[in-house]
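Down below is the structure, laid out as structure tokens.
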Amino acid sequence: MSVEAADGAETQLARHDSLYGDAEKVAGDRRHGSGASWRQTVLLAFQSVGVVYGDIGTSPLYTISSTFPDGIRHPDDLLGVLSLVLYTLLLLPMLKYVFIVLYANDNGDGGTFALYSLISRYAKIRMIPNHQAEDAAVSNYMTAHDPSSQARRAQWVKKRLESSKAAKIALFTITILGTSMVMGDGTLTPAISVLSAVSGIREKAPNLTQSQVVWISVAILFLLFSVQRFGTDKVGYSFAPIISVWFVLIAGIGAYNLAAHDATVLRALNPRYMVDYFRRNGKEAWLSLGGVVLCTTGTEAMFADLGRFNIRAIQLSFSCIIFPSVALCYMGHASYLHKFPQDVGDTFYKSIPAAMFWPTFIVAIMAAIIASQAMLSGAFAILSKALSLGCFPRVEVVHTSNKYAGQVYIPEINFLIGAASIVVTLAFQTTANIGNAYGICVVMVFSITTHLMTIVMLLVWKTNVAFIAAFYVVFSLTELLYLSSILSKFAEGGYLPFCFSLVLMALIATWHYVHVRRYWYELDHVVPAAELAALLGRRDVRRVPGVGLLYSELVQGIPPVFPRLVDKMPSVHAVFVFMSIKNLPIPRVPAPERFIFRRVGPADHRMFRCVARYGYTDQIEAAKEFSAALLDGLKLFVHQEAAFFDDDNDDGALQLRGARAAAAEEEKRFIDAELERGVVYLTGEADVVAAPGSSVLKRIVVNYAYSFLRKNLRESHKALAIPKDQLLKVGITYEI
């Protein structure tokens with residue numbers, strides 16, 4: 001908290017929040033696993049199997065068939081592909097994500113926007129200049145100063161990022177590209193998972209046509225997206241035991257096939273077979289990498305869904321359950337295909353023992369639904385982060401769990417993703433065509449994470465430069481190799497995620513651009529202190545009973561909508577608060593650190609500025625609870641303001657201290673009395689238009705695209721849950 005005079009001078013007040021800092025430290029320890037017992041970690045590891053790994057666990061349904069779309073040409077090609085699959089699983093999901101990337105979580109939250117927000121705490125890369133010195137004092141906001149050579153290198157990187165507009169734009173662009181690709185992933189995961197699972201029914205009902213299989217899949221997809229409103233937490237945990245059964249089944253079937261057919265496929269553990277595969281097949285081997293990489297689907301969801309578990313639990317479950325089960329399944333496929341290569345188009349179901357077919361088929365469909373659930377949960381979580389950081393149009397975000405802050409459901413996005421997933425299933429018909437599009441989403445997100453992680457290592461972790469170079473070279477080259485293979489199938493379905501991402505990126509970029517320009521307009525047109533005094537001193541302006549809260553994006557200065565308000569309604573409430581809701585680039589802000597108060601003008605004006613700070617997983621309270629917490633904080637501010645100055649203990653100082661305390665108590669009683677008379681919420685409804693002389697492109701973006709989004713999405717007072725009978729809107733036009 002601090003005191004602000006009308007001329008903008010600030011005086012910092014003392015903070016007493018070490019208790020909450022310690023609490024956050026303990027929470028951080030639990031996220032990493034160092035604060036949890038091994039019993040707790042093992043329990044969390046078991047729970048994570050049913051929640052996090054649905055997508056990567058169902059990848060055996062379609063990976064082999066997508067890798068060999070034209071059949072198996074040489075028996076040893078199976079060994080080459082099996083070797084590629086096993087070492088891809090070891091290199092990307094296990095080594096990169098499970099043992100490196102997970103440590104870059106943002107206080108337990110993962111995904112591209114979590115990495116971006118983590119970077120933005122260490123360097124001012126965000127476009128909106130609303131950073132305040134007090135932000136860095138929030139629990140777990142930033143690390144302590146480190147004088148080492150690595151820290152000096154980090155400072156150099158920080159200065160480069162902050163001084164380069166191109167670097168800021170590039171970071172933001174790849175972040176929203178990653179978000180767009182995750183949305184594409186959320187569209188394609190249900191389509192390919194459900195379609196591949198349902199396709200198995202043709203083993204027992206060969207008269208079914210592919211078109212009929214597609215319509216059955218569409219019905220299941222419709223059901224899947226319909227139940228999302230009940231909450232990802234409830235849906236996920238309801239079916240969680242099924243995934244555990246699924247991993248037991250695929251591991252058991254894999255072991256059976258190894259024993260029953262050809263155990264010599266274990267030779268594929270020798271990476272020499274990868275080299276031989278490329279020598280023998282050349283370009284065709286390179287093209288097949290687009291199918292091989294599908295074995296890693298769901299890896300990004302594992303990172304995005306980290307918040308419910310800790311790192312050790314994920315490491316334990318992946319290393320001891322997921323990887324062995326999936327690896328056994330792929331080994332079993334290779335063993336079966338050595339004897340029956342003609343079944344490569346439907347390896348998974350053909351290789352199941354007859355007695356186990358129906359149980360496996362039923363569990364496969366359930367596992368496909370859960371796989372889609374995990375990806376959708378991650379997509380909603382990432383998009384809610386983008387929304388809270390001002391990078392996405394305002395939509396309704398429903399918090400579906402009281403236990404997990406990051407569990408959200410976004411109705412508009414659920415409808416769009418569901419519709420797109422059904423359209424993709426109807427249009428592409430087969431998993432092979434969907435796989436071409438799916439692989440691009442997967443590898444693009446991998447590549448973006450690699451680049452953001454490299455910056456985290458330089459700026460945040462201050463890691464040894466040799467390790468950073470090795471990380472970047474190994475993973476970026478590997479991902480580039482896979483990406484080049486997938487892009488060769490651009491015309492065969494690969495264009496889909498690019499089209500989807502371009503549309504979504506254009507939407508995000510349009511909203512963010514106008515959001516930033518609008519903020520700068522308000523900042524450039526703040527009301528000077530002299531004008532504020534003149535407004536309040538006008539004869540026709542009177543102070544009316546009650547508390548007025550004027551919402552604005554600005555975190556400093558008086559917004560230009562205030563003079564407009566006074567002109568339209570020449571009155572100001574007895575207690576008036578310039579209110580700003582600000583999202584910090586951290587997951588959560590502890591409630592005692594929520595508000596920053598400053599006094600605006602002389603004490604007898606009873607005017608204040610308040611900034612309410614939220615993390616990107618925090619939920620804004622309903623209007624009544626919010627105003628009650630705000631005014632409690634305001635009274636605490638008044639009390640602390642009176643007690644702030646250290647005086648000598650002479651008689652005069654003691655009398656002055658007593659007078660200030662008495663005045664503070666009187667002001668607190670005054671605030672309580674005005675609160676009883678009612679709270680009025682005031683919002684500026686700004687009509688944003690392109691300034692005269694703007695380019696044609698800018699006029700299209702601002703006057704049409706942004707205007708369309710704003711008119712068709714939720715209004716600010718609905719997002720803040722403000723009662724209509726307590727709301728007053730003030731119209732104003734901004735020419736940007």
Side-chain angles (χ1 to χ4, degrees), residues 1-4 10-32 35 104-111 113-146 154 158 162 307 384-391 405-406 456 459-461 553-556 577-598 608-621 625-626 629-630 632-634 636-637 640-641 644:
M1 298 179 183
S2 59
V3 186
E4 179 183 25
E10 296 182 13
T11 305
Q12 295 294 321
L13 292 182
R15 292 175 52 87
H16 302 284
D17 54 11
S18 61
L19 173 62
Y20 298 100
D22 291 340
E24 283 294 303
K25 182 179 186 297
V26 171
D29 289 342
R30 287 177 179 166
R31 291 182 195 108
H32 287 77
N105 69 86
D106 191 13
N107 288 326
D109 285 276
F113 255 100
L115 291 174
Y116 179 78
S117 70
L118 183 62
I119 294 168
S120 70
R121 295 214 300 276
Y122 289 78
K124 297 176 184 177
I125 57 172
R126 295 177 66 187
M127 309 292 186
I128 298 178
N130 63 353
H131 179 78
Q132 293 172 287
E134 295 94 335
D135 295 343
V138 173
S139 302
N140 278 348
Y141 188 92
M142 189 171 282
T143 58
H145 176 68
D146 182 358
K158 178 177 183 291
E162 291 180 343
S384 69
K385 297 180 181 73
L387 175 65
S388 67
L389 295 175
C391 301
V456 169
L459 184 66
V460 182
W461 290 358
E553 295 280 348
L554 284 181
V555 298
Q556 61 273 321
V577 181
F578 296 98
M579 186 71 235
S580 177
I581 293 179
K582 174 182 175 181
N583 288 97
L584 298 185
I586 55 176
R588 288 162 289 278
V589 175
E593 302 175 40
R594 176 83 66 219
F595 298 111
I596 300 175
F597 289 95
R598 296 183 174 95
F608 306 89
R609 163 161 293 289
C610 175
V611 178
R613 303 176 297 179
Y614 290 85
Y616 52 71
T617 62
D618 284 331
Q619 183 177 7
I620 298 178
E621 303 87 347
E625 290 77 12
F626 177 83
L630 183 149
D632 284 343
L634 178 58
L636 178 61
F637 164 76
Q640 290 184 339
E641 181 187 35
F644 174 67

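This one's a predicted model, so the numbers in the text were calculated from it and none came from an experiment.
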For [X] and [Y], work out which heavy atoms get closest and say how close.
| X | Y | result |
| --- | --- | --- |
| Phe597 | Leu634 | CZ-N, 3.4 Å |
| Glu593 | Val138 | OE1-CA, 3.1 Å |
| Val456 | Ala104 | CG1-CB, 4.3 Å |
| Val589 | Gly615 | CG2-N, 3.6 Å |

Quiz prompt | salt bridge (charged side-chain N to carboxylate O under 4.0 Å, His left out) partners for Glu162, two or more places apart | solution = Lys158

Quiz item: Does some side-chain heavy atom of Phe637 sit less than 4.5 Å from a side-chain heavy atom of Arg598?
Solution: no

Quiz item: Got Phe626 and Met579 here, is their nearest side-chain heavy-atom distance under 4.5 Å?
Solution: yes

Exercise. Measure the CG-CZ distance between Leu630 and Arg594 for me, rounded to the nearest 0.5 Å.
Key: 11.5 Å

Quiz item: When rounded to the nearest 0.5 angstrom, what distance separates CZ in Phe595 from CZ in Arg613?
Solution: 10.5 Å

Quiz item: Ignoring hydrogens and geometry, is there a side-chain-to-backbone donor-acceptor pair from Ser580 to Val611 under 3.5 Å?
Solution: no

